[in-house]
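Read the structure below first, then the notes.
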Amino acid sequence: MAVRLPLIALLFGIAAVYDGILGLAFLFATGTVYDYAGVTPPNHPGYVQFPAALLIVFALMFSAIARDPLRNLNLIPYGILLKTAFCGVVFFHWFTTGIPWMWKPFALFDLVFLLLFAGAYRALHGKNTPLS
């Protein structure tokens, strides 16, 4: 099975846009996002703004992967870990103590990204690449 670099590049390009938009929205419009979702925000915007800034950093990393997936193969596990961390926290609370609905779609999207990132990493790390 041949590695499809354009599809992998597209995947990480989409992830860069997705996380970049979410990061910017939560960084610069924290109150608006929470108001729109009907969720009480934390008692200080910094609790949301720091993770939002981290999302922007990851968006830049996903953009680097999209530009050259083979050269930046070593960055993909960090994206997998980001998605695993977020999904783990949201799904744990979703199925135990409950969590506001606004986080559930993000966790479902991130689960899809997690699975696709793992598949992309496996494909790039496989026998059909110059890395083997």
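Residue numbers start at 1 and run along the sequence shown.
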To the nearest 0.5 Å, what is the distance between [atom1] ([X]) and [atom2] ([Y])?
X      : Y      : atom1 : atom2 : value
Phe12  : Leu7   : CZ    : CG    : 12.0 Å
Cys87  : Phe92  : SG    : CZ    : 15.0 Å
Phe109 : Ile14  : CZ    : CD1   : 12.0 Å
Ile8   : Leu124 : CD1   : CG    : 4.0 Å
Ile76  : Ile80  : CD1   : CD1   : 7.0 Å

Side-chain donor-acceptor pairs of residues 24-46 under 3.5 Å, sequence neighbours excluded:
| residue | atom | partner | partner atom | Å |
| --- | --- | --- | --- | --- |
| Thr30 | OG1 | Phe26 | O | 2.4 |
| His44 | ND1 | Gly46 | N | 2.9 |

Can you list every side chain to side chain donor-acceptor pair (under 3.5 Å) pair that touches residues 73-83, not counting sequence neighbours? Asp19-Lys83, Lys83-Asp110

Please check if [X] and [Y] belong to a single hydrophobic cluster, counting links between Ile, Leu, Val, Met, Phe, Trp and Tyr side chain heavy atoms closer than 4.5 Å.
X     : Y      : answer
Leu55 : Val17  : no
Ile99 : Leu108 : yes
Leu10 : Leu73  : yes
Val89 : Leu115 : no

Side-chain hydrophobic cluster, 4.5 Å single linkage: members besides Leu54: Phe50

Quiz: residues 61-70 side-chain donor-acceptor pairs under 3.5 angstrom, not counting sequence neighbours:
| residue | atom | partner | partner atom | Å |
| --- | --- | --- | --- | --- |
| Ser63 | OG | Arg67 | NH1 | 2.9 |
| Arg67 | NH1 | Ser63 | O | 3.4 |
| Asp68 | OD1 | Arg71 | N | 3.2 |

By side-chain hydrogen bond (donor to acceptor under 3.5 Å, both in side chains), which residues pair with Thr96, not counting sequence neighbours? none

Check side-chain hydrogen bond (donor to acceptor under 3.5 Å, both in side chains) between Asn72 and all other residues, then give those that pass, not counting sequence neighbours. none

Does CZ in Phe91 sit with more than 12 non-hydrogen atoms of other residues, nucleotides or ligands closer than 6.0 Å? yes

Which one of Tyr18, Phe58, Phe106 satisfies the ring pair (Phe, Tyr, Trp, His ring centres under 6.0 Å) criterion with Phe113? Tyr18

Do the rings of Trp103 and Phe86 sit parallel, tilted or perpendicular, given the 30° and 60° boundaries? perpendicular

